[in-house]
Engineer: 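Next up is a structure, given as structure tokens.
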Amino acid sequence: MKTFKYYFLFVILVSTSVLAQDQQNVKPQGHTDQNKFRQMKDVLATPNNQRTASGAPGYQYTQQKVDYVMDIRLDESKNQIFGNEKITYHNNSKDHLEYLWVQLDQNMRAKDSKTPDVKTEDFKQVINGPVNFTKSNLKTRFDGGFNIEAVKNSDGSNLSHMINRTMMRINLPKPLAPGEVFKFQIKWWYNVNDHTKDNGRSGYELFADGNKDYVIAQFYPRLCVYDNVEGWQNMQFWGRSEWALEFGDFEVKITVPSDHKLEATGVLQNQKEVLSKEQIKRFEKAKKSFDTPVFIVTQEEAEQAELNKSTTSKTWHFKAKNVRDFAFATSRKFIWDAMAVDINGKTVMAVSLYAKEGNPLWEEHSTRVVANTLEEYSKLTFDYPYNKAVSVHAQMGMEYPMICFNYGRPQPDGTYSERLKRGMIGVITHEVGHNFFPMIVNSDERQWTWMDEGLNSFVETLAELDYDPNFITGNLPKDIVPYMGGDQSYVSPIMSQGDYVHQFGPNAYTKPAAGLYMLRQTIMGPELFDYAFRTYSKRWMFKHPTPADFFRTMEDASAMDLDWFWRGWFYTTDYTDIGIKEVKSYYLTDKPTDKAKEVAAQNNINLDDYKDKLVYYAEAEPGKIPQDAKEASDFTFLNTYLSSLSEEEKARIGEAPKYFYEVTFEKPGGLVMPIILELTYKDGTKERKTLPAQIWRYNEWEVKKVFRTQKEITNIVVDPDLELADVDMSNNAWPREVKQNSFDQFKEKVKG
């Protein structure tokens, strides 16, 4: 690979430079500490009374609270949503606030949105085929975005405000002092997009029978986060990096056609008004069914509802405490099933809504996967605190408190591939898992995508393997190898703001997940890792953690210095490449070696005077130890010494090594990592050894280790189970032919 070629060229140049300095008798210049194990005090924020050096919230930690009371109406015929929301903003900070910032995410779809303008394109994209030509040149731009009809004070007077694309500034009549509350209201409406054609995280889907389902989110103006890290988090929404939101209480009434079935964030308040007696009876049965989903609305009933469209409406009323957002889904097409999940003695409902087009796949797996996800995430973090988790069938994957939208549609005849099933199970696990990160452990998604996507993808991997031990997760260290070893021009450090990173998926999802999996399975061990990870999760439930809080907590709760790992894996694009450079074999002999003779001659020593009094270590060609190699007990003078040992010490004489192997390890890659070894002996037995990453602390390019054994070693393999995302396996074995000897072959193994 080019990267390796450049590396060796660099070594040659540096060597030449050093040689030139020596020749000129010039002392080398001083340098700053660049050791891979240096502490991260230069990159982590200074601890304070709000965020401590341990990674825990400080005694002066504060965060704002925002409460919403909303009346929402869906016009199905026009695909429009109308809303009137009353907002109560609690200033819990120590600061006086001159204004408030509100997110208007739908404005990304406005006709004057700048989002399309920042997307690069070339001429081939414009003319490439009739579909692309139509999309690029003949399509009318969707008329999206909020239509703000009124922004008023609580007394009904107009409130000064200014809209800057996806952000709206509320100009306060007077600064809002610490501890004070400000109440205001916004009236708005917007055109709902067809998310199957226009993409997006929210919208409707039009089915062949003329019916639609609506998966609605980012549908109301939402307050930005104000904290001691960013001040106002009011970075513009360009469509990729998601949201930073405050916790609060919601009371929401949603008016939809009478024949719709609807689920949303929160607890349904008017069950008797919107559900039939039979549906309520079925739901009560589902609350006691912990093994099998119970149908609230069957497929036959949903198909019957599809035949007509109601001209009347019905209002669903929800309340939610201490959530950061609100979303809902509604359609007359929905099949509805649910089952109970036992979370440490508390009953939580796993729920699914899906059109018949999702069957049979959805009724077989969706609700069961929701239940499994809640169970497994709760084990590794904290008990799920809400009353339910809902999975809704859609043509995208997206997450919100208590409800998420997930893809996975069989063919029209109901058949589906194993890949599609696996994809659906994966996306449901992932999106339900987002209830934990960031819906509860509430990180700043706009700034640090990996803190929710990466952490969630990691726990998702463990949950998927619990659901199916043979599940292909795509988040293991071996899965990230092609990305890690790729063109450095298109690789960004994990610690990059999400809007400008290359290869967003590997950067924000797979690499962080693989790194945490590696940390748990290989570097820390499950016991230490799980305790530290659970500590972080509990410390920051319903709060706003930063990367520093995560890094510090993981070390604080485990007594492990992991700065070398965070710095390398998260702050750089370095890759792992550890290999075996050379192996030398030594054996015991009573015959003077050439080296011994040379040393004796230099010091005027007659080796004959020490006959039967010395042990020599002779070097042999690996794998060709002479037949006359000695053991410790073969030496008379050693036996004399051994006879003076205690009985306990004598009992261990048989453990004395017979063979010695000096192994030189090289590290062309920039990352320091543990050295995981599999030793194979001549009798066919194997042994595993792990050398900590700190073995590289004095020399990050080359280290040596001597292995003392009673049996002859026939081969050595580094990273035998592909635990460290090593990008080049050609140098991982001795002798070389033991392992694949080309990166291309390794990539084939990774695919498997």
Side-chain angles (χ1 to χ4, degrees), residues 51-52 54-58 61 63 65 245-249 265-267 290 320-325 340-350 369-390 399-404 428-445 448 450-467 512-513 516-517 519-520 524 526-547 549-558:
R51 297 172 187 274
T52 68
S54 70
Y61 175 84
Q63 67 186 42
K65 183 174 186 284
L245 297 164
E246 301 285 11
F247 287 103
D249 300 335
T265 303
V267 179
F290 291 88
K321 294 284 188 181
N322 206 20
V323 295
R324 61 164 243 168
D325 202 0
V341 188
D342 183 354
I343 304 295
N344 268 340
K346 175 188 173 184
T347 297
V348 175
M349 298 306 297
V369 174
V370 173
N372 180 74
T373 303
L374 295 177
E375 291 170 347
E376 295 308 307
Y377 274 69
S378 294
K379 291 176 185 176
L380 205 61
T381 57
F382 43 76
D383 289 353
Y384 184 70
Y386 297 134
N387 68 303
K388 66 184 178 185
V390 183
E399 73 279 355
Y400 304 94
M402 306 184 214
I403 188 168
C404 57
I428 293 176
T429 304
H430 183 89
E431 306 304 349
V432 173
H434 270 307
N435 277 288
F436 295 80
F437 308 98
M439 301 304 153
I440 297 172
V441 182
N442 190 16
S443 56
D444 180 353
E445 299 177 89
W448 306 117
W450 70 267
M451 283 198 75
D452 72 293
E453 298 296 358
L455 267 64
N456 183 41
S457 295
F458 158 68
V459 188
E460 170 201 346
T461 298
L462 301 183
E464 288 166 346
L465 292 173
D466 180 81
Y467 191 79
L516 294 177
Y517 189 88
L519 204 60
R520 181 180 192 262
M524 297 178 70
E527 183 178 2
L528 272 179
F529 180 94
D530 290 356
Y531 182 86
F533 193 77
R534 193 176 296 111
T535 299
Y536 164 74
S537 302
K538 289 183 176 180
R539 278 180 175 179
W540 291 98
M541 287 179 70
F542 303 111
K543 294 182 177 68
H544 302 304
T546 67
D549 299 321
F550 176 67
F551 298 149
R552 284 170 168 151
T553 295
M554 291 300 292
E555 296 190 19
D556 184 70
S558 67

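Basis for what follows: all heavy atoms, side chains included, without hydrogens, waters or symmetry-related copies.
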Engineer: Please name all residues satisfying salt bridge (Lys or Arg N to Asp or Glu O under 4.0 Å) with Glu445, sequence neighbours left out, ordered by chain then number.
Structural biologist: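 Here the qualifying residues are Arg324.
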Engineer: If I compare all heavy atoms of Val441 with all of Pro545, which pair ends up nearest, and what's the gap?
Structural biologist: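 What the structure gives for the nearest pair is CG1-CG, 3.8 Å.
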Engineer: Does Lys321 have any salt bridge (Lys or Arg N to Asp or Glu O under 4.0 Å) partners at least two apart in sequence or in another chain, and if so, which?
Structural biologist: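 Lys321 satisfies salt bridge (Lys or Arg N to Asp or Glu O under 4.0 Å) with Asp249 only.
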Engineer: Applying the ring-ring contact (aromatic ring centres under 6.0 Å, His included) criterion to Trp540, which one of Phe382, Tyr61, Phe533 satisfies it?
Structural biologist: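 Of Phe382, Tyr61, Phe533, ring-ring contact (aromatic ring centres under 6.0 Å, His included) with Trp540 is met by Tyr61 alone.
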Engineer: Please identify each residue that fulfils side chain to side chain contact (heavy atoms under 4.5 Å, CB included) with Thr546, with sequence neighbours left out.
Structural biologist: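 Once residues adjacent in sequence are excluded, the partners of Thr546 under the side chain to side chain contact (heavy atoms under 4.5 Å, CB included) criterion are Arg51, Val229, Ala548, Asp549.
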Engineer: Quickly, which of Val459, Leu455, Leu462 forms a side-chain contact (heavy atoms from CB on, under 4.5 Å) with Leu516? Name it, please.
Structural biologist: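 In the set Val459, Leu455, Leu462, the residue that makes a side-chain contact (heavy atoms from CB on, under 4.5 Å) with Leu516 is Leu455.
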Engineer: Output yes when a side-chain donor or acceptor of Ser54 lies under 3.5 Å from a complementary backbone atom of Asp556, and no otherwise.
Structural biologist: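 No, Ser54 side chain to Asp556 backbone: no donor-acceptor pair under 3.5 Å.
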Engineer: Taking all non-hydrogen atoms of both residues, which atom of Ala389 and which atom of Val370 are closest, and how far apart?
Structural biologist: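 Looking at all heavy atoms of both residues, the closest pair is O-CG1, 3.6 Å.
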Engineer: Does Val432 form a side chain to side chain contact (heavy atoms under 4.5 Å, CB included) with Val369? I'd like the steps, not just the answer.
Structural biologist: CA-CA 9 Å; Val432 173; Val369 174; over 6 Å; no
Engineer: Please work out whether the ring planes of Phe437 and Tyr536 are parallel, tilted or perpendicular, with thresholds of 30° and 60°.
Structural biologist: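 Rings of Phe437 and Tyr536: parallel, as their planes differ by under 30°.
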Engineer: With Tyr377, which of Asn456, Asn372, Asn435 fulfils side-chain hydrogen bond (donor to acceptor under 3.5 Å, both in side chains)?
Structural biologist: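 Result: among Asn456, Asn372, Asn435, Asn456 is the only option passing the side-chain hydrogen bond (donor to acceptor under 3.5 Å, both in side chains) with Tyr377.
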Engineer: Which heavy atom in Thr381 sits nearest to a heavy atom in Ser537, and how many Å separate them?
Structural biologist: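 Where Thr381 meets Ser537 most closely, the heavy atoms are CG2-OG, 3.6 Å.
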Engineer: Among all residues two or more places apart in sequence or in another chain, which pass the side chain to side chain contact (heavy atoms under 4.5 Å, CB included) test with Phe542?
Structural biologist: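 With neighbours one apart ignored, the set is Phe247, Asn322, Pro385, Tyr386, Ile440.
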Engineer: Within the 3.5 Å criterion, strictly below it, is a donor on His430 or Glu399 matched to an acceptor on the partner's side chain?
Structural biologist: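 Judged by distance alone, the side chains do not pair up.
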Engineer: Tell me every residue that passes side chain to side chain contact (heavy atoms under 4.5 Å, CB included) with Ala513, counting only those two or more places apart in sequence or in another chain.
Structural biologist: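 Expected list: Ser457, Phe458, Asn475.
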Engineer: Please enumerate all residues that pass side chain to side chain contact (heavy atoms under 4.5 Å, CB included) together with Lys379, with sequence neighbours excluded.
Structural biologist: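 Scan of Lys379 (side chain to side chain contact (heavy atoms under 4.5 Å, CB included), adjacent residues dropped) gives Glu376.
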